[in-house]
Amino acid sequence: EECKSNLVEACVIKYTPVVQYAPFLYCAEVLNQGKTDGLESCASLFHMDWAPIEKCYSDDHEAKAVTITNAMRTAALGASKLGTPWVVVDGQSLENWDDLLKAVCTAYKG
């Protein structure tokens, strides 16, 4: 179930802007405790189009491509990656989670 949940989350990241997928990830991981049966409800809560997400994780070719892309992004972090979750803001790893809001606001260029 965790593997499917991770794949759904990867597809959400691929098909939605960060302002939608960040709250979705919170819903999926914290409120839904990573269970796959509530992920569509999390998507609905944040007004996401579920159809491309469902197609992404259901299609073997696209699911494999998303998985490979994420593996390459993780590998690009190098051996210094200490564990999960690993938070990266604007290409830089975040050492202290208490600084998350400050780091995001500093990186924001909108």
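These figures come from a predicted structure and were not determined experimentally. Just the heavy atoms: all of them, side chains too, but no hydrogens, waters or symmetry mates, feed the values below.
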*Please write out which residues are connected to Met72 in a hydrophobic cluster, directly or through intermediates, given that two of Ile, Leu, Val, Met, Phe, Trp, Tyr count as joined at side-chain heavy-atom separations below 4.5 angstrom.*
Ile68
*Are Cys56 and Tyr15 side-chain neighbours, meaning at least one heavy-atom pair lies under 4.5 Å?*
yes
*asked:* Test of understanding: with salt bridge (Lys or Arg N to Asp or Glu O under 4.0 Å), list the residues that count as partners of Lys55, not counting sequence neighbours.
replied: Glu62
*Cluster question for you: counting only ILVMFWY and a side-chain heavy-atom cut-off of under 4.5 Å, with indirect links fine, are Val12 and Val18 together?*
yes
*Calculate, to the nearest 0.5 Å, the distance between atoms CG and OG belonging to Leu39 and Ser5 respectively.*
5.0 Å
_Once side chain to side chain contact (heavy atoms under 4.5 Å, CB included) is applied, do any residues pair with Ala63, and if so which ones, sequence neighbours excluded?_
Leu7
*Measure from the side-chain N and O atoms of Glu40 to the backbone N and O of Trp50, and report whether any donor-acceptor pair falls under 3.5 Å.*
no
*asked:* Measuring from atom CZ of Phe24 to atom OG of Ser44, what distance do you get when rounded to the nearest 0.5 angstrom?
replied: 11.0 Å
*To the nearest 0.5 Å, how far apart are OH in Tyr57 and SG in Cys3?*
15.0 Å
*Return the minimal non-hydrogen interatomic distance between Cys11 and Ile53, and the atom names on each side.*
CB-O, 4.0 Å
*asked:* Taking side chain to side chain contact (heavy atoms under 4.5 Å, CB included) as the definition, give me every residue that meets it alongside Pro23, ordered by chain and number, with sequence neighbours left out.
replied: Phe46
*Over 12 foreign heavy atoms within 6.0 Å of CG, Asp37*: yes
_Tyr108: hydrophobic cluster co-members (side-chain, 4.5 Å)_ = none
_Can you pull out every salt bridge (Lys or Arg N to Asp or Glu O under 4.0 Å) where at least one residue sits in residues 98-110? Sequence neighbours excluded, please._
Asp90-Lys109
*Looking at SG of Cys42 and CD of Glu29, how far apart are the two atoms once the value is rounded to the nearest 0.5 Å?*
9.5 Å
